[in-house]
Amino acid sequence: ATYVEIDLDLSQTDKVVARIEDDGQGFDLNCLNVASQDGRGVGIFGMQERANLVGGTLQIDSAPGDGTEIRITIPLPINRSISIPAALAA
């Protein structure tokens, strides 16, 4: 990849969304059903498991020769509160 973009969206009160996009070689999403013998694809399954553990979702868009976009959405507790340090609030 010659280009990578990472976005972290904290603007919504009910969820956090992280997006990673690149212009690399991409891959065939149909090949994700089973991890290969050499261990390729295991990292994606690990990301899916971790997102599920916290009630989130993992969405992957990719195609051979077309780069990849990964979007992770994690719900936040309804009663969350954010404390801003006094030094930053001024």
Side-chain angles (χ1 to χ4, degrees):
T2 58
Y3 171 81
V4 176
E5 183 175 325
I6 301 170
D7 294 318
L8 184 61
D9 182 355
L10 302 171
S11 66
Q12 300 178 47
T13 59
D14 63 336
K15 63 185 169 185
V16 172
V17 179
R19 188 181 66 81
I20 302 107
E21 179 180 3
D22 71 28
D23 67 349
Q25 64 185 5
F27 56 91
D28 183 354
L29 290 169
N30 294 320
C31 294
L32 290 180
N33 293 332
V34 178
S36 65
Q37 293 292 336
D38 65 2
R40 294 183 65 159
V42 174
I44 292 171
F45 292 114
M47 289 190 294
Q48 180 69 56
E49 286 180 335
R50 287 173 177 84
N52 288 341
L53 283 172
V54 295
T57 60
L58 175 72
Q59 185 177 22
I60 301 172
D61 294 315
S62 188
D66 199 29
T68 301
E69 179 178 340
I70 298 173
R71 182 179 303 267
I72 303 164
T73 303
I74 306 296
L76 295 173
I78 293 173
N79 60 352
R80 90 167 201 202
S81 63
I82 299 175
S83 296
I84 299 175
L88 297 176

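The figures here come from the full heavy-atom set of this structure, side chains too, leaving out hydrogens, waters and symmetry mates. This chain uses plain numbering: 1 for the first residue, then up along the sequence.
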Legend entry - Shortest non-hydrogen separation from Gly24 to Asp22 and the atoms involved: N-OD1, 3.0 Å
Inset, instruction - Could you check if a side-chain atom of Ile72 sits within less than 4.5 angstrom of a side-chain atom of Arg50, using non-hydrogen atoms only? - result: no
Legend entry - Close side-chain approach of Glu5 and Arg19, heavy atoms under 4.5 Å: yes
Legend entry - Single-linkage hydrophobic cluster Leu29~Ile44, side-chain heavy atoms < 4.5 angstrom: yes
Inset, instruction - Calculate, to the nearest 0.5 Å, the distance between atoms CG and CE belonging to Asn52 and Met47 respectively. - result: 12.0 Å
Legend entry - Residue pair Val16 / Leu8, side-chain heavy-atom distance below 4.5 Å: yes
Inset, instruction - Tell me whether Leu58 is reachable from Val54 by hopping between hydrophobic residues (I, L, V, M, F, W, Y) whose side-chain heavy atoms are closer than 4.5 Å. - result: yes
Inset, instruction - Can you see which heavy atom on Tyr3 is nearest to which on Asp23, and at what distance? - result: N-OD1, 2.9 Å
Inset, instruction - State, to 0.1 Å, how close Gly67 and Ser62 come at their nearest heavy-atom pair, and which atoms those are. - result: O-OG, 3.0 Å
Inset, instruction - Measure across Leu76 and Gln12 and return the closest heavy-atom pair with its distance rounded to 0.1 Å. - result: CD1-O, 4.3 Å
Legend entry - Closest contact, heavy atoms only, Gly26 versus Thr68: CA-OG1, 3.7 Å
Inset, instruction - State yes or no: do Phe27 and Ile70 share one hydrophobic cluster built from I, L, V, M, F, W and Y residues joined by side-chain heavy-atom distances below 4.5 Å, directly or via other members? - result: yes
